[in-house]
Participant: 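Can you keep this structure in mind? I'll have questions shortly.
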Amino acid sequence: MPEYTLRLRRYDPESGEAPRFEDYQVEMESHRSVLEAILQVRGEQDGSIGVRCSCRAAICGSCGVRSNGKPGLACHTHLSEAAGRSKDGDNVIVVEPMGNMPVIKDLIVDMEEVHWKKIRRVTPWLVGKEPVPEREYIVPHEAMVDVTQTMACIQCGACVSDCLTMEMDPEFIGPAALAKAYRFVGDPRDAEQEQRLLDLSEDPHGIYDCTHCFQCIEACPKGVAPMSQIMRLRRRAGSDFGIDDRNNGHRHEMAFVKNIRKNGILHEADLLPDSYGGKFHPRAVPELISSLPVVLRALKTGKVTPTKALLHQHKADEGTKRIFETIEAKEQRLEYNLYISGNEDDLADDPADTAAPAATATVVAVEETMTVEENGDGSGTVTVTETVVEETPEGTVVVEEKVTDEISADGEETLTVEETVVEETVAEATETDATGDQGGEQK
Amino acid sequence: MKVAYWPGCVSRGFTPELHGSMQAVAPLLDLELVEIDRASCCGAGVIAEHNQELADTLNARTFALAAETGERLMMNICSTCQGAQSECQERLDASAEYRDEVNSTLEAEGLAYEKGLVTNKNFLWLLVEEIGLENLKKKVKRPLTGLKVGPFYGCYIVRPTDRLGIDEEHPRDQYMQDLIEALGGTVIDYAGIYKCCGFPIITMNKKASLKMAGTHLADAADADADCLVVPCPLCHLNLDLQQPLATAEIGRDVSMPVLHLPQLVGLALGLDPKALGMNKHVVKPTSVIDWSTAVVGSAPAGGGW
């Protein structure tokens, strides 16, 4: 069995001592989790280690830590995976508390200020539309599918731990809370979508303060992709509700799009004033004065010539213009969501999809029987037989699936599954198709 | 080797020395650049946040134009282009139906995006995967001996790892370190290597943006770096052009030269700093120049500029 060095960051703020790293040796199979290793060490070597955990199955979100630099759930990180990132030698796993949060003790962090408060800040419940229907709300299926990705969040804080904007500006609402905000902004049953977006846009540390750094996407153990949800919030706020936020984020976005529509490639000198609402916008004046030194520096170093700064020679060609015209004229924005639709190659790789023409097979009859045999000493056998009759374009298939569960006297179970094709009738049309006879269908 | 070359916008705008140094270095690497000139901006994530189909269609066109050059390998010199284009390509490659929709817009121009036709690689990836570091070593005329270089990748070229094809076989998040060593330099490990330069939010939250740049510059200085090297011109804007403001924001007096990737390669291949446009930086790369003049043993340090 491989031996790992677990290098834990120990810190007890109440002790008055500085944080330190302590090494523990663990012998454990490589597919076991970092959490199991920590718990074994705590149980057998040092009971004073502080760690928070509960379900051990990546559901409860309690055991967020950084193992060898990467944030995630300790229970969801294999020892081999964590060790693979080691910078300190073979099989060394450095476990630290999550970032951007104060440490309570060792691996336990205080998530109140940077996580829970922000979650509460985005009104994390559904504000139902009035009048409340007598029974359930009826909504389009696609609309609910759209918010499923954000619903996968288990509040572990891994994204918050590594958010690079929060590192500099702890007041930023942050990836977890903004993903939660989209969960309701994207929900057709919610009555306050616009109000929610206005509120987020008026926050000086709101949706446009995300830098697109992808840290949260990389960190999330549940595939929530908080950054993608932030981009959806921006699309909803800017394009659907025309909301101008107080940080000029939407103005910047519109200025950028306008710039490319006109020039094809970016003309930086125009982008800056336009991002503040145009050269003559009252908001633009102080900002432009403060950025003047930057432009002067660029001119001074010869990076940019005065003509280049004022006149942009590159103009968008016909092809680029046509793309803007065509897509901006569409009534609905088209969005291909990989989380929901996936990659068709991956879907095709799934043997369940390719093995049988599942979509065209119709189950016409199912018969189920169960027998129980008891031997009186606690042992026995349970057999379930399921007979399925399926009709496919190729013919009729009768499949019998027999599941046998044998229980021995000392309580040990053995499960066997047997699948047999009992009967197969091949349709005539298929036979002729197989020979390549085009007229086969007429027979 | 011939590649379809996508220089991007900023390398022809506020960091012209990047495009210039790439053109100067290419012949020394036997690299022929076939420029894709009609293509538009990749959208830098901003167009995608506005309208995903718009960004995907603009980039599908860039790939189609790259294919028109007759080359299958497209090279960019900007982390942001790499990331934004990979993101669009991932969606385009995922669904034939979606591809058809995008291609119906391109049809008017007689163009179409074809899955699997064009591979897009940043200059960094191309150096390691196509040219090869062993090959590159043979071309080094002036090894970067004693030069302490801090790599700064830029977010778009390192995350998300699966989209960017970073795995054990392609440790693309280690390529800069490998490259600096291959050129004879010393790699400086510091906290900011994989962090964000802050540029995307410079107009939205200037304070946080400058604080990011300032912190990374100061961390590199504390780790004793002579200079940073970036494969992304947007990072260069925040780290170099904004450096006086960025370091003021965190209250540190740091002067950290920031080199574009082709400039660092060019130096090792024996090119003159001025020919690489290094006089166009806001922070004068004096430490680098001192180093290069010491190696060459010619003109006095910093002479002429």
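None of these values were measured; they are calculated from a predicted model.
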Participant: Could you tell me which of Ser275(A), Gly84(A), Gly319(A) has the largest number of non-hydrogen atom pairs under 4.5 Å with chain B?
Facilitator: Gly319(A)

Participant: Using a cut-off of 6.0 Å, state whether more than 12 heavy atoms not belonging to Asp167(B) lie near its atom CG.
Facilitator: yes

Participant: Report yes or no: does Glu344(A) contribute a side-chain atom to a donor-acceptor pair with the main-chain N or O of Ala96(B) at less than 3.5 Å?
Facilitator: yes

Participant: Of Asn259(A), Asn263(A), Ile265(A), which is the lone residue that meets side chain to side chain contact (heavy atoms under 4.5 Å, CB included) with Cys9(B)?
Facilitator: Ile265(A)

Participant: Go through the atoms of Gln242(B) and report whether side chain, backbone, both or neither lie under 4.5 Å from a heavy atom of chain A.
Facilitator: both

Participant: Show the nearest heavy-atom pair for residues Phe214(A) and Arg163(B), with the distance to one decimal.
Facilitator: CE2-NH1, 3.6 Å

Participant: With a 4.5 angstrom heavy-atom cut-off, which part of Thr211(A) approaches chain B: side chain, backbone, both or neither?
Facilitator: both

Participant: Would you list the pairs meeting salt bridge (Lys or Arg N to Asp or Glu O under 4.0 Å) in which at least one residue belongs to residues 205-233 of chain A, sequence neighbours left out?
Facilitator: Arg232(A)-Glu335(A)

Participant: Return the option, out of Gln215(A), Glu318(A), His250(A), Met227(A), with the maximum number of heavy-atom pairs under 4.5 Å with chain B.
Facilitator: Gln215(A)

Participant: Looking at every heavy atom in both Tyr208(A) and Glu49(B), which two are closest together, and how far apart are they?
Facilitator: CE2-OE2, 3.9 Å

Participant: Name the region of Met254(A), side chain, backbone, both or neither, that has any atom closer than 4.5 Å to a heavy atom of chain B.
Facilitator: side chain

Participant: Mind listing the closest non-hydrogen atom pair of Ser40(B) and Ile260(A) along with its distance?
Facilitator: CB-CG2, 4.5 Å

Participant: Report the option among Thr15(B), Ile201(B), Leu92(B), Asp56(B) that has the most heavy-atom pairs separated by less than 4.5 Å from atoms of chain A.
Facilitator: Ile201(B)

Participant: Need one label for Val10(B): side chain, backbone, both or neither, based on atoms under 4.5 Å from any heavy atom in chain A.
Facilitator: both

Participant: Does one side chain, of Asp169(A) or Asn205(B), offer a donor that lies under 3.5 Å from an acceptor on the other?
Facilitator: yes

Participant: Is Lys207(B) in contact with chain A via its backbone, its side chain, both, or neither, using a 4.5 Å heavy-atom distance?
Facilitator: neither

Participant: Which heavy-atom pair separates Ala94(B) from Gly342(A) by the least distance, and what is that distance?
Facilitator: CB-O, 3.7 Å

Participant: Flag the one option from Arg234(A), Met231(A), His205(A) with the top tally of heavy-atom pairs under 4.5 Å to chain B.
Facilitator: Arg234(A)

Participant: Could you look at Glu249(B) and say if it's the side chain, the backbone, both or neither that has a heavy atom under 4.5 Å from chain A?
Facilitator: neither

Participant: When only heavy atoms count and the cut-off is under 4.5 Å, which of residues 98-108 of chain B reach chain A?
Facilitator: Tyr98(B), Arg99(B), Glu101(B), Thr105(B), Leu106(B), Ala108(B)

Participant: State which residues pass salt bridge (Lys or Arg N to Asp or Glu O under 4.0 Å) with Arg322(A); sequence neighbours excluded, sorted by chain then number.
Facilitator: none

Participant: Would you call Arg61(B) and Asp317(A) a salt bridge, using N to O less than 4.0 angstrom?
Facilitator: yes

Participant: Ignoring hydrogens and angles, tell me if any N or O in the side chain of Gln52(B) forms a donor-acceptor pair with the backbone of Tyr336(A) under 3.5 Å.
Facilitator: yes

Participant: So, Glu167(A) and Lys195(B), do they make that salt bridge, N to O below 4.0 Å?
Facilitator: yes

Participant: At a 4.5 Å cut-off on heavy atoms, which part of Asp173(B) comes close to chain A: side chain, backbone, both, or neither?
Facilitator: neither

Participant: If we define contacts as heavy-atom pairs under 4.5 Å, which of Ser95(B), Cys197(B), Gly43(B) has the most with chain A?
Facilitator: Ser95(B)

Participant: So which bits of residues 323-334 of chain A come within less than 4.5 Å of chain B, counting non-hydrogen atoms only?
Facilitator: Ile323(A), Phe324(A), Thr326(A), Ile327(A), Glu328(A), Lys330(A), Arg333(A), Leu334(A)

Participant: What part of Glu168(B) lies closer than 4.5 angstrom to a heavy atom of chain A: side chain, backbone, both or neither?
Facilitator: neither

Participant: Which one of Gly8(B), Ala208(B), Pro160(B) has the most heavy-atom pairs closer than 4.5 Å to chain A?
Facilitator: Pro160(B)

Participant: Would you sort out whether Thr203(B) and Asn248(A) count as a side-chain contact (heavy atoms from CB on, under 4.5 Å), showing the intermediate values?
Facilitator: CA-CA 7 Å; Thr203(B) 59; Asn248(A) 293 309; 5.7 Å; no

Participant: How many angstroms lie between atom OH of Tyr194(B) and atom CG of Asp162(A), to the nearest 0.5 angstrom?
Facilitator: 14.0 Å

Participant: Would you confirm whether Arg235(A), through its side chain, and Asn51(B), through its main-chain N or O, come within 3.5 Å as a donor-acceptor pair?
Facilitator: no

Participant: Taking atom CG of Asp37(B) and atom NE2 of His314(A), what is their separation to the nearest 0.5 Å?
Facilitator: 7.0 Å

Participant: Could you go step by step and tell me if Cys213(A) and Arg159(B) meet the side-chain contact (heavy atoms from CB on, under 4.5 Å) rule?
Facilitator: CA-CA 8 Å; Cys213(A) 75; Arg159(B) 283 178 298 269; 4.3 Å; yes

Participant: Working note: His212(A) + Tyr156(B), criterion side-chain contact (heavy atoms from CB on, under 4.5 Å); need CA distance, chi angles, decisive distance, verdict.
Facilitator: CA-CA 8 Å; His212(A) 294 121; Tyr156(B) 275 91; 3.5 Å; yes

Participant: Is it the side chain or the backbone of Leu164(A) that comes within 4.5 Å of chain B heavy atoms, both, or neither?
Facilitator: both

Participant: Determine whether Phe256(A) and Cys41(B) satisfy the following criterion, side-chain contact (heavy atoms from CB on, under 4.5 Å), listing intermediate values before the conclusion.
Facilitator: CA-CA 10 Å; Phe256(A) 194 103; Cys41(B) 169; 3.9 Å; yes

